[in-house]
Amino acid sequence: MRWSQYFLYTSREVPADAEVISHQLMSRAGMLRKHAAGIYSFLPFGLRSMSKMMGIVRRELDAVGCQELEMPVVQPAELWQESKRWRKYGKELLRVKDRHGRDFCLGPTHEEVVTDLVRRNVKSYRQLPLNLYQIQTKFRDEIRPRFGLMRGREFMMKDAYSFHADDTCMDDVYQAMHGAYSRIVEACGLDYIVVDADSGTIGGSSSHEFMVLADTGESAVIRCKASGYAANVEKAVTKLETPEAPASDVLEEVATPGLTTVEQVAKHLGVDPSQMVKTLIYEHDGGIVAVAIRGDREVNEVKLKNVLDAEWLRLADAEKVSRATNAPVGFAGPVGLSVDRLIADTTTQELKNFACGANKVDAHLTGVNWGRDAEVTEFADVLMVVEGDADVESGEPLETFRGIEVGHIFKLGTSYSEAMNCNFAAEEGPDKPMIMGCYGLGIGRTVAAAIEQNHDKDGIIWPLPLAPFQVLLSALNPAADDAVREVAERLYGDLETAGYEVLYDDREMSPGAKFKDADLIGLPLRVVVGSRSLSNGGVEFSLRRAPQEREIVAVGDIIERLGRALEELS
RNA sequence: CGGGGCGUAGCUCAGCCUGGUAGAGCGCACGGUUCGGGUCCGUGAGGCCGGAGGUUCGAAUCCUCUCGCCCCGACCA
């Protein structure tokens, strides 16, 4: 491709709305343009790396037996009503009506459609397993799109869905997909970890996220080096030491005028916050619920939502709190509450003689004990794990990292197949619902993550597999220097003929500007033709990742030299 | 949706406080100059100052309302 004719316009200015480095560089390097919040065009240069990414995905998925298909972006409401997600998915599902007033949505994911496809044609265990995937634009009306491609509303995703006759088969395919995902992420040259994850609105029993480590990542990841345990913070577990119990087991009310925070009350009572139980009042689609948790700890609302099997969850407003506790916000406690359920975190189960709010203004209780003083509906793990907590297995302190979630795989079980009657004739006995798995991977997000991990102050440093072109051929002052122009033109033809992906910078610009652009767009291999290089006996060759190490290579040897460099980079 | 911020040339921004002929740099076009790390000089095109109301002799500037965008939180590939 001749740059002088190419739709590739770089910029030295950082767009005002680009916060993260990948977004800044992709914008400056002319890969994409924004049209609205979370909605982008991919320009030719950017699309090339997306295509590379898609190629890697296809290669690895096809290798583990997946079959590609293409499902509709616009999906009928009926399917979503059948799975009950028309109601459950919430506002993220962009709903539209056609001219007849029929309801449709823009597909954020395709469990319903693929299940509908499979149930029509697959009737027997003999036809299973099956693993279908597509690479397609998804639309999710995110509350807050941000960080360029990291969280778009319209975005390119690879989504795969597997169907099985039994759990063993499900597990095998899950492992195969785990392997394929690992190879994909590795092929992109990314530093990543796989973590236990919450399965969110997609549902299901087990799931793992592929996290690319990056400070700009939106997800917090917990990891233990010793045991190899790794989990999304939403899912992470720990084991806490139970603090020593205060001596008195007498239930007493203590005046705490004006003291509403745990720290204030603990200080006043002369106990540690960990010896207190704080009580938070939540409301959700199933009613009002109180959550008791150790005073020094925070509630993990994702865990809580799962325990409650809630569609939505939020802290109750002041009015609901005072109705539940008969007191203003700040004095809630587990004793004598009027709520639908009282969930206590498991780390409070062993607490004895603890202190807590009295459900009365300016008062707290001491010497409180479960059973005698308060009935808990259920003890459950709703604890937010923090850095330094002990790993359950090794006891070593857990570390936290920031990560970009580029892929997420789920064991779905039979929730969709049951809701949508996707059954098969088993080898023996009655028909059964198929067991399903699903596997998502963000194409644009992975490309963005690759840039987050591979850049320097001058621009992108493309990992070879994702590079829009392999080689940048740059002619310095081609209009003024006939020899330069002739060599560069001939070389461009030769490289194309030899099968290299070449971007030929034949623009009439000053050499300095060309070098700046070359660094910015970050193609792995660079060949510079200039009067100086020619007088030194050839053209100049260098790698983007090591810009200082330039070699002069005879024109006749450059193809061989490029071939060797490609070998080394692969 | 809650909290914060911003909308002025294609891009990055000044001007607004204190109302009075709409600016700079980059980019673009043309001419010259330079030619291995964003050369330099000159000329030029390019604006409904996000939109709508209001105050005023007069509004980019003050007031009200709207729309859009960005950041922090709840959602997720």
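Each chain gets a letter, A, B and so on, in the order the sequences are listed, and its residues count up from 1. Below, all heavy atoms of this structure are taken into account, side chains as well, without hydrogens, waters or symmetry copies.
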Among rG36(B), rC76(B), rG38(B), which nucleotide sits nearest the side chain of Ser219(A)? rC76(B)
Spell out yes or no: do the side chain of Arg151(A) and the base of rC76(B) have one donor N/O and one acceptor N/O closer than 3.5 Å? yes
By the Watson-Crick or G-U definition, both distances under 3.5 Å, rG42(B) is matched with rC30(B)
Now, which nucleotide makes the Watson-Crick or G-U wobble pair with rU61(B), with each of the two distances under 3.5 Å? none
Nearest listed nucleotide, side chain of Glu142(A), among rG36(B), rG38(B), rA77(B): rA77(B)
For Phe147(A), answer base if it contacts any base atom (sugar-phosphate contacts may also be present), sugar-phosphate if it contacts only those atoms, and nothing otherwise; contact means non-hydrogen atoms under 4.0 Å. sugar-phosphate
Gap in Å between the two P atoms, one belonging to rC65(B) and one to rG19(B), rounded: 22 Å
Lys NZ or Arg CZ of Arg95(A) over Trp86(A) ring: under 6.0 Å, within 45°: yes
OP1 or OP2 of rC70(B) less than 4.0 angstrom from a side-chain nitrogen or oxygen of Lys34(A), does that happen here? yes
Is the Tyr504(A)-Tyr6(A) ring centre distance short of 6.0 angstrom? no
Any cation-pi pair here, Lys138(A) with Phe155(A), using under 6.0 Å and within 45°? no
If I take atom CZ in residue Arg550(A) and atom C1' in nucleotide rG36(B), what distance separates them, rounded to the nearest angstrom? 8 Å
Rounded to whole angstroms, how far apart are CG on Asp519(A) and C1' on rG36(B)? 13 Å
Are OP1 or OP2 of rG10(B) and a side-chain N or O of Arg33(A) less than 4.0 angstrom apart? no
Rounding to an integer number of angstrom, what distance separates rA52(B) and rG7(B) when you compare their C1' atoms? 16 Å
Which part of the nucleic acid, if any, lies within contact of Ser533(A), taking any heavy atom under 4.0 Å across all strands shown: a base, the sugar-phosphate backbone alone, or nothing? base
Using a 6.0 Å distance limit plus a 45 degree cone around the ring axis, check whether Arg223(A) lies over the aromatic ring of Phe401(A). yes
Starting at the 5' end of RNA chain B and moving along, which residue's nearest nucleotide shows up first, Gly148(A) or Gly407(A)? Gly148(A)
Between rA77(B) (P) and Lys158(A) (NZ): distance, integer Å: 12 Å
Please evaluate the base of rC70(B) for a donor-acceptor partner in the side chain of Arg146(A) within a cut-off of under 3.5 Å? no
Could you check Ser531(A) against Ala16(A) and say which one's nearest nucleotide on RNA chain B is further toward the 5' end? Ala16(A)
Provide the distance between the two P atoms, one in rG32(B) and one in rA9(B), to the nearest whole Å. 32 Å
Heavy atoms from C-beta onward define the side chain here; which of rC26(B), rC70(B), rA77(B) lies closest to that of Arg140(A)? rA77(B)
For Arg28(A), which contact category applies under a 4.0 Å heavy-atom criterion: base, sugar-phosphate, or nothing? base
For the pair Phe410(A) and His408(A), name the ring-plane relationship: parallel under 30°, tilted 30 to 60°, perpendicular over 60°. parallel
Quick test of the criterion, 5.5 Å between centres and less than 30° between planes. Is Phe515(A) stacked on rG38(B) or not? no
Is Arg48(A) positioned over the aromatic face of Phe469(A), cation under 6.0 angstrom from the ring centre and no more than 45 degrees off axis? yes
Using atom C1' of each nucleotide, how far apart are rC75(B) and rG50(B) to the nearest Å? 29 Å
N or O in side chain of Ser510(A) less than 4.0 angstrom from rG38(B) OP1/OP2: no
Under 4.0 angstrom, heavy atoms only, what part of the nucleic acid is Glu540(A) near: base, sugar-phosphate, or nothing? base
Within the 4.0 Å heavy-atom criterion, would you say Asp517(A) contacts the bases, only the backbone, or no part of the nucleic acid? base
Among Asp345(A), Leu304(A), Leu383(A), Leu315(A), find the residue that satisfies the side chain to side chain contact (heavy atoms under 4.5 Å, CB included) test when tested with Val299(A). Leu304(A)
Over how many whole Å does the gap from Lys303(A) atom NZ to rA74(B) atom P extend? 16 Å
note: Arg526(A), atom CZ; rG36(B), atom C1'; distance rounded to Å ~ 11 Å
Distance, rounded to the nearest Å, where Arg445(A) contributes CZ and rC75(B) contributes P: 14 Å
Integer angstrom distance from the C1' of rU21(B) to that of rC49(B): 15 Å
Under 4.0 Å between any heavy atoms, over every strand shown, what does Asn477(A) touch: base, sugar-phosphate, or nothing? Just pick one. base
Look at all strands and tell whether Ala18(A) reaches a base, only sugar-phosphate, or nothing, counting heavy atoms closer than 4.0 Å. nothing
Looking only at side-chain atoms of Lys516(A), point me to the closest of rA77(B), rG38(B), rC75(B). rG38(B)
So what does Pro108(A) hit on the nucleic acid, given a heavy-atom distance under 4.0 Å: a base, only sugar-phosphate, or nothing? nothing
Nearest-angstrom distance from the residue atom CD of Glu19(A) to P of rC69(B): 17 Å
Partner nucleotide, any strand, of rU18(B) [Watson-Crick/G-U, under 3.5 Å]: none
Just checking Gly152(A): base, sugar-phosphate only, or nothing, at a heavy-atom cut-off of under 4.0 Å? base
Separation of the P atoms in rA60(B) and rG53(B), to the nearest angstrom: 14 Å
Checking contacts here: which listed nucleotide (rA74(B), rG73(B), rG36(B)) is nearest the side-chain heavy atoms of Ile143(A)? rA74(B)
Nearest-nucleotide pick for Met157(A), side chain only, options being rC35(B), rG27(B), rA77(B): rA77(B)
Report which part of the nucleic acid Gly530(A) touches: base, sugar-phosphate, or nothing (heavy-atom distance under 4.0 Å, all strands). base
Round to a whole Å and report the spacing from CD of Glu13(A) to P of rC26(B). 10 Å
Which whole number of Å gives the distance between the C1' atom of rC16(B) and that of rU33(B)? 41 Å
On a whole-Å scale, what distance lies between the C1' atoms belonging to rA22(B) and rG5(B)? 25 Å
Applying a 3.5 Å limit to both distances, which nucleotide forms a Watson-Crick or G-U wobble pair with rG2(B)? rC72(B)
Any donor-acceptor N or O pair under 3.5 Å, side chains Tyr174(A), His208(A): yes
Tell which nucleotide pairs with rA24(B), taking only Watson-Crick or G-U wobble pairs whose two distances are both under 3.5 angstrom. rU12(B)
Side chain of Ala480(A) only, please: which of rC69(B), rG38(B), rC35(B) is the nearest? rC35(B)
The side chain of Ser11(A) lies closest to which of these nucleotides: rC76(B), rG36(B), rC11(B)? rC11(B)
Does a salt bridge link Glu540(A) with Arg526(A), judged by any charged N lying under 4.0 Å from a carboxylate O? no
Does Arg144(A) make a side-chain N or O approach to OP1 or OP2 of rC71(B) shorter than 4.0 Å? yes
Hey, do the aromatic rings of His284(A) and Tyr282(A) have their centres closer than 6.0 Å? no
Among rG38(B), rC75(B), rC69(B), the nucleotide that comes nearest once only the side chain of Ala37(A) is considered: rC69(B)
